Amino acid sequence: MYAAAGVLSDALQVFDEMPDRNSVSWNVLITGLVRWGELEYARSLFDEMPEKNVVTWTGMIDGHVRIGRFGEGLSLFQRMVCCENMKPSEITILALMPAVSGLKDMRVCRLVHCYAEKRGLIAFDIRVANSVIDTYAKCGCIESASRFFEDLMERKNLVSWTTIITGLAMHGFGEEAVERFDRMEKAGWKPNRVTFLSVFNACSHGGLVDQGLKFLEKMVNEYQILPDIKHYGCLVDMLARLGRLEEAENLALGIPTEIANVVVWRTLLGACSFHDNVEMAERVTRKIMEMERGYGGDYVLMHNIFVGAGRFGDAEKFRKLMHQRNAIKLPGQSAI
DNA sequence: CTAGGGTTAG
């Protein structure tokens with residue numbers, strides 16, 4: 001179908017000339033429009049559509065949620081359930097949950113959770129259960145996330161374990177996250193690269209540096225997973241934020257050039273600033289400038305580091321360099 | 001592929 005291929009005008013023309021349009025043709029067109037960012041157009045077709053079904057409503061919710069219009073996504077869900085007497089599917093819940101996370105509203109989270117429970121969708125699809133764990137955590141209630149997670153008992157899968165570890169990491173509960181990881185392995189699950197990223201993040205936020213390094217070894221040696229850039233980023237951050245700057249720098253230097261990015265070095269620069277290591281900051285900034293010269297924040301940071309060290313001449317050099325290169329200043333950054 | 005999305009650094 002043209003809508004899937006993204007040929008919008010062709011899709012619309014075919015649709016106009018169709019003698020036997022059914023709900024599927026409407027939905028194909030509407031979801032195609034949503035996918036291509038034509039939400040307003042999709043909405044007008046949606047309003048025009050005679051017999052909307054669950055897929056139609058789900059597609060509209062998804063379209064709004066994807067572009068961050070969380071409140072509208074939620075009201076569509078309310079309208080669907082309360083006014084139209086539709087029965088949302090597991091996919092509807094999955095589409096809605098990022099909106100609940102975005103709104104960070106525990107009451108809404110609990111409401112949607114109860115609704116999904118009552119409709120049997122949590123028992124029916126583990127993905128719904130996993131999105132409930134994630135949403136409780138993102139709404140700020142790690143206790144509810146954890147309780148719900150434990151109540152899943154034997155239904156937990158690798159994504160459930162990974163999701164709760166991610167949530168615990170977000171909330172700074174490093175030890176608890178590590179404990180889940182151990183229990184997960186004992187239960188016979190093989191962690192994947194996402195699980196390791198979550199546990200690295202937990203170690204980073206929880207200050208568990210040596211645990212984190214052990215997990216790195218485990219990932220590479222026991223599970224034969226090569227670290228990707230996100231793993232490196234987490235681990236560099238973990239070492240750097242506790243002031244183990246040399247180890248962080250060495251790890252960053254060991255990143256294969258094909259996957260290296262400026263973000264890792266920027267993290268390290270932030271830590272150099274925090275821990276007042278001017279020499280390393282200069283080296284790191286040189287690295288950053290090899291990769292990207294147009295980001296104003298780097299110049300501002302290096303300027304401030306030099307000022308903090310009393311090297312006003314060098315600070316001034318960076319201020320000038322930033323203006324020369326027309327590097328972009330971001331809102332909230334002091335103009336130097 | 002054919003109307004659909006569970007977890008992913010700073």
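Nothing here was measured: the structure is a model prediction, and the numbers come from that model. Numbers restart at 1 for each chain; the letters A, B, ... are given by sequence-line order, proteins then strands.
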Which whole-number value in Å describes the distance from [X] [atom1] to [N] [atom2]?
X	N	atom1	atom2	value
A:Phe196	B:dA9	CZ	P	17 Å
A:Met238	B:dG10	CE	P	12 Å
A:Lys190	B:dT7	NZ	P	22 Å
A:Met97	B:dG4	CE	P	21 Å
A:Phe124	B:dG4	CZ	C1'	13 Å
A:Arg241	B:dA9	CZ	P	13 Å
A:Phe215	B:dT8	CZ	C1'	17 Å
A:Trp189	B:dT7	CH2	C1'	13 Å

The criterion is side chain to side chain contact (heavy atoms under 4.5 Å, CB included); which residues satisfy it with [X], sequence neighbours excluded?
X	result
A:Lys287	A:Leu253, A:Trp265, A:Glu290
A:Thr92	A:Val54, A:Thr58, A:Ile61, A:Phe77, A:Met80, A:Pro88, A:Ser89
A:His205	A:Asn201, A:Arg241

Under 4.0 Å, heavy atom to any atom of DNA chain B: which of [range] qualify?
range	value
residues 147-174 of chain A	A:Asn157, A:Val159, A:Thr162, A:Thr163, A:Thr166
residues 259-291 of chain A	A:Asn261, A:Val263, A:Val264
residues 68-81 of chain A	none
residues 219-237 of chain A	A:Ile229, A:Lys230, A:Gly233, A:Cys234, A:Asp237
residues 43-58 of chain A	A:Asn53, A:Val55, A:Thr58

Between [Y] and [X], is there a salt bridge with N-O shorter than 4.0 Å?
X	Y	result
A:Glu150	A:Arg180	yes
A:Lys190	A:Glu185	no
A:Arg311	A:Glu282	yes
A:Lys138	A:Asp134	yes
A:Arg183	A:Glu179	yes
A:Arg119	A:Glu90	no
A:Lys214	A:Glu217	no
A:Arg127	A:Asp125	yes

Qualifying ring-ring contact (aromatic ring centres under 6.0 Å, His included) pairs with a residue from residues 267-291 of chain A, counting only residues at least two apart or across chains: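 The answer is none; no pair qualifies.
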Set of side chain to side chain donor-acceptor pair (under 3.5 Å) partners for A:Arg66, sequence neighbours left out: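 By the side chain to side chain donor-acceptor pair (under 3.5 Å) rule, A:Arg66 matches A:Asp62.
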Those residues that, when tested against A:Lys104, pass side chain to side chain donor-acceptor pair (under 3.5 Å) (two or more places apart):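 Listed in chain order: nothing, the list is empty.
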Distance test, side-chain N/O of A:Asn201 to OP1/OP2 of B:dG10, below 4.0 Å: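 Checking B:dG10 against A:Asn201, a side-chain N or O does come within under 4.0 Å of OP1 or OP2.
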Phosphate OP1/OP2 of B:dT7: any A:Arg193 side-chain N/O under 4.0 Å: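 No, outside the criterion.
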Sugar-phosphate only, base, or nothing, as touched by A:Ser23 at under 4.0 Å among non-hydrogen atoms: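 Nothing, no nucleic acid heavy atom in range.
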Side-chain-base donor-acceptor pair under 3.5 Å for A:Ser89 and B:dG4: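 Present.
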Linked hydrophobic residues, A:Val307 as query - side chain contacts closer than 4.5 Å: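 When side chains under 4.5 Å apart are linked, the cluster holding A:Val307 also contains A:Phe312.
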Side-chain donor or acceptor of A:Lys156 paired with backbone N/O of A:Met153 under 3.5 Å: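 It does hold such a pair.
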A:His303 (side chain) donor-acceptor with A:Phe318 (main chain) under 3.5 angstrom: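 No, because the side chain of A:His303 does not come within donor-acceptor range (under 3.5 Å) of the backbone of A:Phe318.
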